[in-house]
Amino acid sequence: MAILIDRGDVGVATDVGRVREHNEDSVLARGRVFAVADGMGGHAAGEVASRIAVEVLAELADRDELHPDDVVHQLAVANRRLLESVTQTPERRGMGTTAAGVAVVTAKGGEQWAVFNVGDSRVYRWVSGSFTRLSTDHSEVQELMDAGVITEAEAAVHPLRNVITRSLGTDPAPVPDLWVMPPVPGERFVLCSDGLSNELSDEQIGSVLDQITDPQTVADALVRAAVEAGGRDNVSVVVVSASSRE
Ligand code: MG
(Lines give C-alpha, C1' and ligand atoms only; values in the text may rest on other atoms or scores of the structure.)
Protein backbone atom coordinates (compact mmCIF):
# COMPACT_ATOMS: atom_id res chain seq x y z
CA MET A 1 0.00 0.00 0.00
CA ALA A 2 1.34 3.44 -0.95
CA ILE A 3 0.19 6.61 0.80
CA LEU A 4 -0.36 9.61 -1.50
CA ILE A 5 -0.46 13.16 -0.19
CA ASP A 6 -1.14 15.89 -2.73
CA ARG A 7 -0.94 19.63 -2.48
CA GLY A 8 -4.31 20.57 -1.02
CA ASP A 9 -4.35 17.53 1.27
CA VAL A 10 -2.73 19.49 4.10
CA GLY A 11 -3.98 22.41 6.18
CA VAL A 12 -1.94 24.41 8.69
CA ALA A 13 -3.09 27.17 11.04
CA THR A 14 -1.68 28.76 14.18
CA ASP A 15 -2.63 31.73 16.34
CA VAL A 16 -1.08 33.41 19.38
CA GLY A 17 -4.51 33.47 21.07
CA ARG A 18 -5.99 36.26 23.20
CA VAL A 19 -3.76 36.14 26.27
CA ARG A 20 -0.19 35.24 25.40
CA GLU A 21 2.28 37.73 23.98
CA HIS A 22 4.27 35.22 21.96
CA ASN A 23 3.39 32.19 19.93
CA GLU A 24 5.61 29.43 21.34
CA ASP A 25 4.05 26.72 19.15
CA SER A 26 5.74 25.55 15.97
CA VAL A 27 4.22 23.49 13.17
CA LEU A 28 5.73 21.25 10.52
CA ALA A 29 4.23 20.10 7.23
CA ARG A 30 6.99 19.04 4.88
CA GLY A 31 6.99 16.15 2.45
CA ARG A 32 5.26 13.40 4.36
CA VAL A 33 6.26 14.48 7.87
CA PHE A 34 3.82 16.48 9.99
CA ALA A 35 4.13 17.73 13.57
CA VAL A 36 3.05 20.22 16.19
CA ALA A 37 5.44 21.35 18.95
CA ASP A 38 4.41 23.43 21.97
CA GLY A 39 7.41 25.08 23.58
CA MET A 40 7.92 26.19 27.16
CA GLY A 41 10.54 28.24 28.97
CA GLY A 42 11.10 31.87 29.96
CA HIS A 43 12.75 34.65 27.93
CA ALA A 44 11.12 33.44 24.68
CA ALA A 45 12.99 30.12 25.03
CA GLY A 46 9.76 28.22 24.34
CA GLU A 47 9.73 29.58 20.81
CA VAL A 48 13.33 28.45 20.34
CA ALA A 49 12.59 25.00 21.77
CA SER A 50 9.60 24.24 19.56
CA ARG A 51 11.40 25.60 16.49
CA ILE A 52 14.44 23.37 17.12
CA ALA A 53 12.15 20.34 17.46
CA VAL A 54 10.36 20.92 14.15
CA GLU A 55 13.62 21.74 12.35
CA VAL A 56 15.13 18.45 13.47
CA LEU A 57 11.98 16.50 12.53
CA ALA A 58 11.92 18.27 9.13
CA GLU A 59 15.22 16.55 8.30
CA LEU A 60 13.23 13.30 8.06
CA ALA A 61 11.33 14.70 5.06
CA ASP A 62 14.50 14.69 2.96
CA ARG A 63 15.01 10.92 3.20
CA ASP A 64 13.89 8.58 0.41
CA GLU A 65 12.47 6.05 2.82
CA LEU A 66 11.66 6.29 6.49
CA HIS A 67 11.34 3.55 9.06
CA PRO A 68 9.63 3.76 12.45
CA ASP A 69 13.00 3.67 14.25
CA ASP A 70 14.11 6.75 12.28
CA VAL A 71 11.31 8.75 13.86
CA VAL A 72 12.26 7.61 17.37
CA HIS A 73 15.92 8.35 16.64
CA GLN A 74 15.15 11.84 15.33
CA LEU A 75 13.18 12.69 18.47
CA ALA A 76 16.31 11.73 20.45
CA VAL A 77 18.38 13.99 18.16
CA ALA A 78 15.93 16.85 18.83
CA ASN A 79 16.26 16.25 22.57
CA ARG A 80 20.06 16.42 22.30
CA ARG A 81 19.98 19.62 20.20
CA LEU A 82 17.79 21.27 22.82
CA LEU A 83 20.25 20.35 25.58
CA GLU A 84 23.16 21.64 23.46
CA SER A 85 21.30 24.90 22.88
CA VAL A 86 20.92 25.36 26.66
CA THR A 87 24.66 24.72 27.12
CA GLN A 88 25.45 27.46 24.61
CA THR A 89 22.82 29.89 25.93
CA PRO A 90 22.31 29.31 29.66
CA GLU A 91 19.33 31.74 29.85
CA ARG A 92 17.44 29.03 28.01
CA ARG A 93 17.80 26.61 30.92
CA GLY A 94 14.52 24.84 31.57
CA MET A 95 13.25 25.19 28.03
CA GLY A 96 11.49 22.25 26.51
CA THR A 97 8.82 21.31 24.04
CA THR A 98 6.19 18.77 23.23
CA ALA A 99 6.20 17.06 19.83
CA ALA A 100 3.33 15.12 18.30
CA GLY A 101 2.77 14.12 14.73
CA VAL A 102 2.48 11.63 11.93
CA ALA A 103 4.92 10.51 9.25
CA VAL A 104 4.72 8.05 6.37
CA VAL A 105 7.08 5.14 7.04
CA THR A 106 7.86 1.84 5.38
CA ALA A 107 6.96 -1.05 7.63
CA LYS A 108 5.23 -4.44 7.47
CA GLY A 109 5.80 -4.63 3.69
CA GLY A 110 4.22 -1.33 2.72
CA GLU A 111 3.66 2.29 3.64
CA GLN A 112 2.15 2.92 7.02
CA TRP A 113 1.51 5.86 9.29
CA ALA A 114 3.83 6.34 12.24
CA VAL A 115 2.06 8.34 14.94
CA PHE A 116 4.40 9.76 17.59
CA ASN A 117 4.03 11.74 20.77
CA VAL A 118 6.02 13.30 23.60
CA GLY A 119 3.99 15.55 25.93
CA ASP A 120 0.40 16.76 25.69
CA SER A 121 0.01 17.88 22.10
CA ARG A 122 -2.35 15.49 20.36
CA VAL A 123 -2.96 13.38 17.29
CA TYR A 124 -6.57 12.56 16.35
CA ARG A 125 -7.96 10.61 13.43
CA TRP A 126 -11.30 11.11 11.67
CA VAL A 127 -12.56 8.31 9.46
CA SER A 128 -16.12 7.76 8.22
CA GLY A 129 -17.59 10.09 10.81
CA SER A 130 -15.74 8.49 13.70
CA PHE A 131 -13.28 10.75 15.54
CA THR A 132 -10.70 9.19 17.86
CA ARG A 133 -7.79 10.43 19.90
CA LEU A 134 -4.76 8.35 18.91
CA SER A 135 -2.14 9.77 21.26
CA THR A 136 -2.08 9.60 25.04
CA ASP A 137 -1.15 12.77 26.94
CA HIS A 138 1.99 12.60 29.04
CA SER A 139 0.55 14.74 31.80
CA GLU A 140 -0.13 14.68 35.53
CA VAL A 141 -3.88 14.78 34.97
CA GLN A 142 -3.75 11.88 32.49
CA GLU A 143 -1.90 9.82 35.10
CA LEU A 144 -4.49 10.75 37.72
CA MET A 145 -7.28 9.77 35.28
CA ASP A 146 -5.53 6.48 34.46
CA ALA A 147 -5.33 5.74 38.18
CA GLY A 148 -9.04 6.47 38.54
CA VAL A 149 -8.39 9.35 40.94
CA ILE A 150 -10.10 12.04 38.86
CA THR A 151 -12.58 12.16 35.98
CA GLU A 152 -12.04 13.83 32.61
CA ALA A 153 -14.31 16.69 33.71
CA GLU A 154 -12.22 17.18 36.87
CA ALA A 155 -9.02 17.04 34.81
CA ALA A 156 -10.21 19.97 32.69
CA VAL A 157 -10.14 22.30 35.71
CA HIS A 158 -7.43 20.57 37.78
CA PRO A 159 -4.58 22.80 39.09
CA LEU A 160 -2.01 20.38 37.60
CA ARG A 161 -3.65 20.32 34.17
CA ASN A 162 -0.73 22.10 32.50
CA VAL A 163 1.99 19.90 34.02
CA ILE A 164 3.46 17.48 31.51
CA THR A 165 5.43 14.41 32.49
CA ARG A 166 7.48 14.00 29.31
CA SER A 167 9.03 16.64 27.04
CA LEU A 168 11.94 17.14 24.70
CA GLY A 169 14.87 18.96 26.29
CA THR A 170 15.32 16.66 29.28
CA ASP A 171 18.17 14.49 30.52
CA PRO A 172 17.72 11.53 30.36
CA ALA A 173 15.86 11.73 27.05
CA PRO A 174 12.11 11.03 27.19
CA VAL A 175 10.70 7.80 25.79
CA PRO A 176 8.37 8.75 22.93
CA ASP A 177 5.16 6.89 22.19
CA LEU A 178 5.05 5.46 18.68
CA TRP A 179 2.22 3.64 16.95
CA VAL A 180 2.42 2.21 13.43
CA MET A 181 -0.90 1.87 11.64
CA PRO A 182 -2.05 1.02 8.12
CA PRO A 183 -3.69 3.69 5.94
CA VAL A 184 -7.49 3.70 5.85
CA PRO A 185 -9.35 5.25 2.87
CA GLY A 186 -10.93 8.61 3.66
CA GLU A 187 -9.06 9.20 6.90
CA ARG A 188 -7.88 12.61 8.08
CA PHE A 189 -5.46 13.34 10.89
CA VAL A 190 -5.65 16.35 13.17
CA LEU A 191 -2.51 17.34 15.08
CA CYS A 192 -2.90 20.09 17.67
CA SER A 193 -1.36 21.85 20.61
CA ASP A 194 -3.24 21.94 23.92
CA GLY A 195 -4.45 25.44 23.03
CA LEU A 196 -7.03 23.65 20.88
CA SER A 197 -7.86 20.68 23.11
CA ASN A 198 -8.18 22.83 26.27
CA GLU A 199 -10.72 25.12 24.57
CA LEU A 200 -12.74 22.56 22.59
CA SER A 201 -13.97 19.09 23.52
CA ASP A 202 -13.13 16.12 21.32
CA GLU A 203 -16.80 16.13 20.24
CA GLN A 204 -16.58 19.77 19.16
CA ILE A 205 -13.37 19.14 17.21
CA GLY A 206 -14.84 16.04 15.56
CA SER A 207 -18.02 17.85 14.54
CA VAL A 208 -15.95 20.39 12.56
CA LEU A 209 -14.50 17.48 10.56
CA ASP A 210 -18.02 16.09 10.05
CA GLN A 211 -19.06 19.38 8.48
CA ILE A 212 -15.97 20.45 6.51
CA THR A 213 -13.82 18.39 4.14
CA ASP A 214 -11.08 20.71 2.89
CA PRO A 215 -8.01 20.40 5.22
CA GLN A 216 -7.05 24.09 5.19
CA THR A 217 -10.64 25.16 5.85
CA VAL A 218 -10.79 22.68 8.76
CA ALA A 219 -7.50 23.97 10.23
CA ASP A 220 -8.66 27.59 9.99
CA ALA A 221 -12.08 26.78 11.48
CA LEU A 222 -10.59 24.89 14.44
CA VAL A 223 -8.10 27.62 15.31
CA ARG A 224 -10.79 30.30 15.00
CA ALA A 225 -13.15 28.31 17.25
CA ALA A 226 -10.45 27.91 19.93
CA VAL A 227 -9.66 31.62 19.90
CA GLU A 228 -13.38 32.48 20.08
CA ALA A 229 -13.79 30.04 22.99
CA GLY A 230 -11.21 31.98 25.02
CA GLY A 231 -7.86 31.69 23.28
CA ARG A 232 -6.07 31.32 26.61
CA ASP A 233 -3.05 29.69 24.97
CA ASN A 234 -1.33 29.54 21.61
CA VAL A 235 -3.31 27.28 19.31
CA SER A 236 -1.91 25.28 16.41
CA VAL A 237 -3.49 22.74 14.10
CA VAL A 238 -2.21 20.60 11.22
CA VAL A 239 -4.77 18.62 9.20
CA VAL A 240 -3.60 15.84 6.87
CA SER A 241 -5.77 13.86 4.51
CA ALA A 242 -4.34 11.26 2.17
CA SER A 243 -5.31 8.61 -0.31
CA SER A 244 -3.74 5.20 -0.67
CA ARG A 245 -3.37 2.70 -3.49
CA GLU A 246 -2.15 -0.87 -3.85
MG1 MG B 1 0.13 25.11 24.87
Side-chain angles (χ1 to χ4, degrees), residues 11-29 34-57 75 78-79 82 85 92 94-102 115-124 133-145 152 155-170 174 176-177 189-202 204-205 208 218-239:
V12 177
T14 185
D15 195 284
V16 68
R18 292 183 170 180
V19 175
R20 303 290 177 91
E21 287 185 12
H22 303 279
N23 192 342
E24 299 191 324
D25 290 353
S26 293
V27 294
L28 170 65
F34 308 92
V36 166
D38 179 348
M40 65 212 88
H43 305 286
E47 288 167 79
V48 175
S50 66
R51 193 169 61 238
I52 290 172
V54 300
E55 283 172 0
V56 172
L57 288 169
L75 289 165
N79 189 72
L82 283 160
S85 171
R92 292 179 184 160
M95 78 171 175
T97 184
T98 70
V102 294
V115 176
F116 57 90
N117 181 47
V118 176
D120 67 351
S121 297
R122 288 182 179 172
V123 179
Y124 294 92
R133 196 188 305 173
L134 299 178
S135 57
T136 305
D137 294 348
H138 301 138
S139 65
E140 292 284 2
V141 290
Q142 183 65 50
E143 290 188 4
L144 290 168
M145 277 191 287
E152 182 144 13
V157 294
H158 198 279
L160 294 178
R161 67 187 175 278
N162 293 322
V163 180
I164 59 174
T165 50
R166 290 186 222 176
S167 59
L168 295 176
T170 54
D177 284 335
F189 294 94
V190 175
L191 326 181
C192 69
S193 60
D194 67 341
L196 182 78
S197 50
N198 284 340
E199 297 293 0
L200 304 181
S201 66
D202 290 6
Q204 288 172 311
I205 300 170
V208 172
V218 170
D220 289 335
L222 288 173
V223 167
R224 194 179 327 115
V227 173
E228 284 170 2
R232 281 159 281 198
D233 193 3
N234 308 143
V235 49
S236 300
V237 174
V238 177
V239 180

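First listed ligand is number 1; within each ligand, the first listed atom is number 1. Note that the structure is predicted; figures quoted are calculated from it, not measured. For the numbers below, each heavy atom of this structure counts, side chains included, while hydrogens, waters and symmetry mates do not.
Here the rule is side chain to side chain donor-acceptor pair (under 3.5 Å) with His138, and of Asp177, Thr165, Thr98, Asp120 only Asp177 fits it.
Note: Asp233 CG to Glu24 CD = 8.5 Å, rounded to the nearest 0.5 Å. To the nearest 0.5 Å, atom CD of residue Glu152 and atom NE2 of residue His158 are 13.5 Å apart. Atom CE of residue Met95 and atom OG of residue Ser50 lie 9.5 Å apart, to the nearest 0.5 angstrom. How far CG of Asn234 is from CG of Asn23: 4.0 Å, rounded to the nearest 0.5 Å.
Using modelled atom types, one finds a donor on one side chain and an acceptor on the other under 3.5 Å when comparing Asp25 with Ser236.
For a distance threshold of 2.8 Å, the protein N, O or S atoms nearer than that to the Mg ion (ligand 1), listed by chain and number, are Asp38 OD2, Asp194 OD1, Asp233 OD2.
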